[in-house]
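Each chain gets a letter, A, B and so on, in the order the sequences are listed, and its residues count up from 1. All values reported here derive from a predicted model rather than from experimental measurement.
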There are 2 protein chains.
Amino acid sequence: MSLAQLHYFVAVAEEGHVGRAAARLRVAQPPVSRQLRALEDELGQALFERTPRGMRLLPPGERFLVYARAALSAIEQGRAAVTEARGTRGNVQ
Amino acid sequence: MSLAQLHYFVAVAEEGHVGRAAARLRVAQPPVSRQLRALEDELGQALFERTPRGMRLLPPGERFLVYARAALSAIEQGRAAVTEARGTRGNVQ
DNA sequence: CGGGCGCGAGATCGAAACGGTATTGGACGC
DNA sequence: GCGTCCAATACCGTTTCGATCTCGCGCCCG
């Protein structure tokens with residue numbers, strides 16, 4: 001599992017569309033498809049249902065989405081706690 | 001930033017020693033040193049103080065450690081929420 | 001009912017990242 | 001001053017990643 005996979009997963013979950021998610025992420029579509037599949041393979045469980053219209057989140061995907069967002073959010077907070085604390089006095093929140 | 005970097009960072013923070021952390025992670029010492037430096041470089045801030053005895057966490061490192069652990073923990077929880085839910089009835093937890 | 005379209009997936013290739021081994025530089029202890 | 005222990009660097013082979021091109025499959029439209 002990689003952070004890119006988590007970013008891809010969240011984007012596709014939000015867009016319901018690999019191509020649109022790829023555009024938002026500024027990458028091509030095939031890498032997103034491949035990483036998504038690799039993620040499902042690693043988890044041993046399908047996260048999306050492939051429809052002719054795009055991707056729809058399955059229940060396991062919805063469960064995973066919560067934690068994927070939490071992880072990415074924690075990383076952003078950690079980055080902020082280090083980066084924005086340069087010269088800051090006291091606690092950040 | 002990568003998940004490996006977070007794992008390496010937490011291990012070194014806990015061991016206070018790159019070599020020991022590397023042994024625990026079953027990798028060689030240079031990759032750990034390199035990834036740690038890359039992480040500091042990306043954050044634009046030193047996380048450790050290099051001493052002749054090993055590595056000591058600096059205040060920014062301590063702040064970051066909290067979120068690094070949170071991110072890794074969230075990923076583990078997400079993995080569990082998907083993996084262990086195979087055939088499980090009702091909520092986990 | 002057949003052609004066109006939009007979607008994700010697969011194949012292939014070049015580039016970038018990663019880890020391992022070998023080695024260096026620096027500080028403490030004897 | 002020499003040996004030792006530490007992290008850091010150099011270099012190399014392998015792996016992984018992303019971009020481009022192409023295919024297969026359903027659906028909509030004519």
Rounded to whole Å, how long is the line connecting atom [atom1] of [X] with atom [atom2] of [N]?
{"X": "Glu15(B)", "N": "dC6(D)", "atom1": "CD", "atom2": "C1'", "result": "15 Å"}
{"X": "Phe48(B)", "N": "dA7(D)", "atom1": "CZ", "atom2": "P", "result": "11 Å"}
{"X": "Leu3(B)", "N": "dT16(D)", "atom1": "CG", "atom2": "P", "result": "16 Å"}
{"X": "Leu47(B)", "N": "dA7(D)", "atom1": "CG", "atom2": "P", "result": "16 Å"}
{"X": "Arg37(B)", "N": "dC6(D)", "atom1": "CZ", "atom2": "P", "result": "18 Å"}

Got a sec, which residues hit ring pair (Phe, Tyr, Trp, His ring centres under 6.0 Å) with Tyr67(A), two or more places apart in sequence or on another chain? none
Greater than 12 external heavy atoms within 6.0 Å of Arg56(B)'s CZ: no
Carboxylate-amine/guanidinium contact Glu84(B) Arg79(B), below 4.0 Å: no
Do Glu14(A) and Arg69(A) sit within salt-bridge range, that is, some charged N less than 4.0 Å from a carboxylate O? yes
Under a 4.0 Å heavy-atom cut-off, which of residues 25-35 of chain B touch DNA chain C? Val27(B), Ala28(B), Pro30(B), Pro31(B), Arg34(B), Gln35(B)
The single option from His7(A), Met1(A), Gln5(A) passing side chain to side chain contact (heavy atoms under 4.5 Å, CB included) against Gln35(A): Gln5(A)
Please determine whether residues Val18(A) and Leu58(A) belong to a single hydrophobic cluster, defined as Ile, Leu, Val, Met, Phe, Trp and Tyr linked transitively by side-chain heavy-atom distances below 4.5 Å. no
Using every non-hydrogen atom in the two residues, find where Arg50(B) and Arg37(B) come nearest and quote the distance to one decimal. NH2-NH2, 3.9 Å
Over all atoms of both residues, closest heavy-atom pair of Leu65(B) and Phe9(B): CA-CE2, 3.5 Å
If only side-chain N and O atoms of Arg53(B) are considered, is one of them under 4.0 Å from the OP1 or OP2 phosphate oxygen of dC5(D)? no
Between which nucleotides of DNA chain C, read 5' to 3', does contact with chain B run, using atoms under 4.0 Å from its heavy atoms? dC18(C) to dG29(C)
